Amino acid sequence: YSILKNLGLDELIVQDLDAYINKAIKLAANIDQLKEYRLGLRTKITNSSFNIQSYIKKYTKSLQGMWLAKCKHPELELNCCAQKFETIKEPAKALELYLQSIQHNPNQAHIYNQIGIILSKDAQHIDALACGYKALELEPNNAYINACVGDASARFGMHTEAVKYYGLAHELDPKFKNYLSSLIFVKHKDANTTLPELLELSQKYHELYLSHIQSLNIKFDYNISKNKLKLGIISGDLNGHPVAFYLWSLLEHLNRERFEVHLYHSGIKHDVFTDKFKELSDSFTSIYEISSLDTAKLIASKGIDVLFDCSGYTRGERLEIFKYKPAPVQVSHVGYFGTLAIPEMDFLFANPYVIRKEEEKYYTEKIYMFPGAQTHCDLPWMPQASEEAPCQRNGYITFGSMNSYHKLSEDLFKIWITILEQVPGSKIIFDTQDLIEKGSTNYLYKVFQSYGIENSRLTIRSNKDRVN
């Protein structure tokens, strides 16, 4: 096509095989036409872009154009290489290239944002936020950038800021459900949030993203004399996560003569805990790449009696599955304690200390009051406490926090500072990977220093290796 087009022989161009055959047969029968083509071909080549002189001019111009493009926009090549390093999970090399790219062109909002994402994942929260703010200066109406700043704020315990930016992201792009689910989740950590607000936001999520889903219309057999119930558990945290610790112990002690357990892992992360769950369950299915409809059909085919959601509006949520109503009894359980506002969710496990009687009106689920404590702690590797308390050995009281940094806040720090002030010589340990990065560590030291608490009274260490 290209050759004939450049030679001006459009009449020889055909669009399909039949036309090609017909054209060849007709030309074979037209000797005069073939002679004309043959005698005029050299002239056509000389006068076309196939002429070597003409071709060299265009080729030279193209080479110069490519070189000038790289000289004018070297950041394009740097960004491309950086993205490749991110793909193969080498963020440090990607970061180095992105920083070089910014030096060549400081007006790249998306690159500032990408740098912020890498820094935030590496717990360099302060620098991550600075990059996010710079990206917003350049593109304030970019929904994705607003959401990323919300992520960075949430990871650093700045919950009110996170609410602001997730809210802006949702306003700018209401079609993307993750912006609203992130807003709902972080709202639970914001001290200014009320239960009516959470209910309203959850109902909004249902209306926007779930209300169109039709039930599978399964006729369930509610057999009260069933000897063995099939339990299904959907969670994005069947790995090294507190929800997994709870479920691990629960499954180890559950009477398996009365219950079958089928696990559905909606998260992407797999580790030694994930492998353990495969051993503890009657079946284990990774549904990360399986659609919600197909997962619902799979659950229904298994004949699950009670289906638990252990993610709520957190990462890895698959609430669409419950809209299909694949099980006769559906329960919102550990992992999320707010309302989901999904009519197909029958129960929410709670106790009077988690949800008071007068608060039940803000939940669409029927609150099933669990007798006693709502959770437990029976980890097989938990060490035995020594008879001698650490304070007897050390000569001072040690307080501690093993929470991720996103669950902390300055208001909480002020409470702990007050306690440290009232207990002479006492110290506090922060056992969290989120704070190991130097900038975040220095920030925490400064907060406590501003109230007269010396650095020597703080210990900051990593809890990265939870298994050991």
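Both backbone and side-chain heavy atoms feed into the values below; hydrogens, waters and symmetry mates do not. Every value quoted in this text rests on a predicted model; they were computed, and no experiment measured them.
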Do the ring centers of [X] and [Y] come within less than 6.0 Å of each other?
X	Y	value
His270	His265	yes
Phe156	His125	yes
His333	Tyr246	yes

Distance alone, cut at 3.5 Å: any donor-acceptor contact between the side chains of [X] and [Y]?
X	Y	value
Glu139	Tyr112	no
Lys187	His159	no
Tyr166	Asp151	yes

- [ ] List for me each residue that meets side-chain contact (heavy atoms from CB on, under 4.5 Å) alongside Glu90, sequence neighbours excluded, and say none if there are none.
- [x]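 Testing Glu90 for side-chain contact (heavy atoms from CB on, under 4.5 Å), a comparison that skips the adjacent residues, returns Phe85, Ile88, Lys93.
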
Open item on the list: List the residues meeting side-chain contact (heavy atoms from CB on, under 4.5 Å) with Ser235, not counting sequence neighbours, and say none if there are none.
Closed with: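 Only Asp237, Leu238, Val243, Cys310, Ser311 meet the side-chain contact (heavy atoms from CB on, under 4.5 Å) criterion with Ser235.
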
Aromatic rings [X] and [Y]: how do their planes relate, parallel, tilted or perpendicular, breaks at 30° and 60°?
X	Y	value
Phe349	Tyr368	perpendicular
Tyr336	Phe185	tilted
Phe430	Phe413	perpendicular

Open item on the list: Any non-hydrogen side-chain atom of Leu172 less than 4.5 Å from a side-chain atom of Asn142?
Closed with: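 When only atoms from C-beta onward are counted, Asn142 and Leu172 do not touch, as no gap falls below 4.5 Å.
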
Task: Side-chain touch Ile429/Phe399, heavy atoms, less than 4.5 angstrom - done: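 When only atoms from C-beta onward are counted, Phe399 and Ile429 do not touch, as no gap falls below 4.5 Å.
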
TODO: Start with the C-alpha distance between Phe284 and His262, add both sets of side-chain angles, then the distance that settles ring pair (Phe, Tyr, Trp, His ring centres under 6.0 Å), and finish with yes or no.
DONE: CA-CA 6 Å; Phe284 183 100; His262 303 272; over 10 Å; no

Task: Selection residues 305-318 - residue pairs positive for salt bridge (Lys or Arg N to Asp or Glu O under 4.0 Å), sequence neighbours left out - done: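 Listed once each, the pairs are Lys177-Glu317, Lys226-Asp305.
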
- [ ] Please test Asn79 against Ile111 for side-chain contact (heavy atoms from CB on, under 4.5 Å), starting from the C-alpha separation and ending with a verdict.
- [x] CA-CA 8 Å; Asn79 294 342; Ile111 299 302; 3.5 Å; yes

Task: Electrostatic pair Arg356-Glu359, nearest N-O below 4.0 angstrom - done: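 A salt bridge is present here (some side-chain N lies under 4.0 Å from a carboxylate O).
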
Task: Basic-acidic side-chain contact under 4.0 Å: Asp346, Lys325 - done: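 Yes, this pair counts.
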
Open item on the list: salt bridge (charged side-chain N to carboxylate O under 4.0 Å, His left out) for Glu137 and Lys134? Distances and angles first, verdict last.
Closed with: CA-CA 5 Å; Glu137 284 181 22; Lys134 180 62 179 178; 3.7 Å; yes

